[in-house]
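Take a look at the structure below.
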There are 2 protein chains.
Amino acid sequence: MDRIKLPNTPSIRRMPTYLHKLIKLRDEGEVFVSTTLVAEYMNLDPIIVRKDFALTGLPGMPGVGYKTGELINAIRHFLGWDRECSACLVGGGSLGSALLGYEEFTDYGMRIVALFDSDPDKIGRFVHGHEIFDVRRMKKMVRLLKPDFAILCVPSSCAQMVADELVASGVKAFWNFANVCLQMPDGIVVQREVIAGGFALLSAKMLKGKGAAKGALNGVADCD
Amino acid sequence: MDRIKLPNTPSIRRMPTYLHKLIKLRDEGEVFVSTTLVAEYMNLDPIIVRKDFALTGLPGMPGVGYKTGELINAIRHFLGWDRECSACLVGGGSLGSALLGYEEFTDYGMRIVALFDSDPDKIGRFVHGHEIFDVRRMKKMVRLLKPDFAILCVPSSCAQMVADELVASGVKAFWNFANVCLQMPDGIVVQREVIAGGFALLSAKMLKGKGAAKGALNGVADCD
DNA sequence: TAGATTGTTAATCGATTAACAATC
DNA sequence: TAGATTGTTAATCGATTAACAATC
């Protein structure tokens, strides 16, 4: 019931984008990188980037920037992505497949160690090199494999049930893509992805855009 | 280059979750709903929910709550989801399929009017009832269909190119799932989804969890 | 009336932004 | 030295939280 809150949430959300861009820059031979450059790419104020980089504890070089390679490592360490971490994925539908095909996760130290589904047509098939196991084998396999967390890509109607089963099997953290808020005991970590949340923001931006166009006639820059 | 910022971003992000839960409650016959109930479900402070509901302009009834149906409509209106809105989707891979299969979007007034891909194996096939068209027909079709926005589910390496083409065809807004920050002219709305951002938060929560466990021995509830 | 809930106003907290000295 | 950038400290802004009167 305790609502522990995580500090620097916006900064943490930005980290993977920094990381991805930095890796690309490093691969292109950039030994140094400045917050100016990164900020321009992400359309952020440079000081935001500087503060975010400061969170990793890595000092930069005034007048020059940061050593690209060191910064990459610092961000990885900050996120705990410098250690291997294992996950099991429940739900082999298109969203599950998309996540399995997302190659960046390997860079982030995440390894999917088991994939489950309840659909007899899917069981035994392979998705991106991962065999789909019968969800009825989940409890036993999870107890054995002890994944660090579980990814839920199941229909919302059975997400709670699946999560309960996984908790009973020792899973302590969830990345939940189902459209429900899981009711979990204390100490269980849940990160829920609300795909429609992004659409809501897009819609609000579009509404605001239309409003601004009207407002512009009156010289009003912002509306809301 | 103007960095217009959207107010109430966190509230807007929560709206679809409220909406989904409220629709469920209404379908179960709940005529009234209180912020207490919704807050408990989402593990939020009730006052957060109250403030969010207030944004829609709908008054509640002290001692009772809100009329479920009216609240649903108010949220829909607040987000602009009470009007039909059309989109084209580029990229018929597993992520694109997942989005096409996401039934809630229909409730939100969003209609996908065209689906494009460059893969000859995919062109002509159907995904969730939508035919995949050759991306080479995109420009002409988009000019004709005039979708309100485009959804990008293409590899990051070609996202910028596809977006540029769409802008040239009159598209004014993007929901970008590719792992790049699009460089767009002023007046173009972009909402980027960073799937790894959620994973970063999950990782940070797990790290904090471990830290707290250690800290707990010293009676320290929070760490960092 | 008692209990529950809304709505409003003020207080707190944390993230963003500004300013500027220090450094390469 | 001049230009660019970092790092730090303070100011601002906005979201969350607290307190409580008003209402059903």
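Note on naming: letters A, B, ... go to the chains in the order of the sequence lines (proteins, then strands), and numbering restarts at 1 for each one. Worth knowing before you read on, the calculation uses all heavy atoms, side chains too, and leaves out hydrogens, waters and symmetry mates.
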All ring pair (Phe, Tyr, Trp, His ring centres under 6.0 Å) counterparts of B:Tyr41, not counting sequence neighbours: none
Boundaries of the chain A footprint along DNA chain D (any atom under 4.0 Å from a heavy atom): D:dA4 to D:dT9
Those residues that, when tested against A:Phe116, pass ring pair (Phe, Tyr, Trp, His ring centres under 6.0 Å) (two or more places apart): none
Secondary-structure notation, DNA chain D, from Watson-Crick and G-U pairs under 3.5 angstrom (| other strand): ..||||||||||||||||||||||
Show me the donor-acceptor pairs, under 3.5 Å and distance only, between side chains in residues 145-159 of chain B and residues at least two apart or in other chains.
residue  : atom : partner : partner atom : Å
B:Asp148 : OD2  : B:Ser86 : N            : 2.8
B:Asp148 : OD2  : B:Ser86 : OG           : 3.4

Sugar-phosphate, base or nothing in reach of A:Ile48, heavy atoms under 4.0 Å: sugar-phosphate
Pairwise side-chain hydrogen bond (donor to acceptor under 3.5 Å, both in side chains) hits with a residue in residues 195-207 of chain B, at least two apart: A:Trp81-B:Ser203, A:Gln191-B:Lys205
5′-ward residue of the pair A:Pro62/B:Met61 relative to DNA chain D: A:Pro62
Positive for side chain to side chain contact (heavy atoms under 4.5 Å, CB included) with A:Val33, one of A:Leu71, A:Val64, A:Ile72: A:Leu71
A:Leu6 vs A:Gly63, nearer the 5' end of DNA chain C by closest nucleotide: A:Leu6
Contact list for residues 61-71 of chain A, test side-chain hydrogen bond (donor to acceptor under 3.5 Å, both in side chains), sequence neighbours left out: none
Partner residues of B:Phe78 under the ring pair (Phe, Tyr, Trp, His ring centres under 6.0 Å) criterion, sequence neighbours left out: none
Any residue of residues 9-35 of chain A with a heavy atom less than 4.0 Å from an atom of DNA chain D: A:Ser34, A:Thr35
Touch class at under 4.0 angstrom, heavy-atom based, for A:Phe53 against every strand present: nothing
Which residues share a salt bridge (Lys or Arg N to Asp or Glu O under 4.0 Å) with B:Arg14, sequence neighbours left out: B:Asp52
For A:Phe177, ring pair (Phe, Tyr, Trp, His ring centres under 6.0 Å) partners two or more places apart: A:Trp175
With sequence neighbours excluded, residues passing salt bridge (Lys or Arg N to Asp or Glu O under 4.0 Å) with B:Arg111: B:Glu84
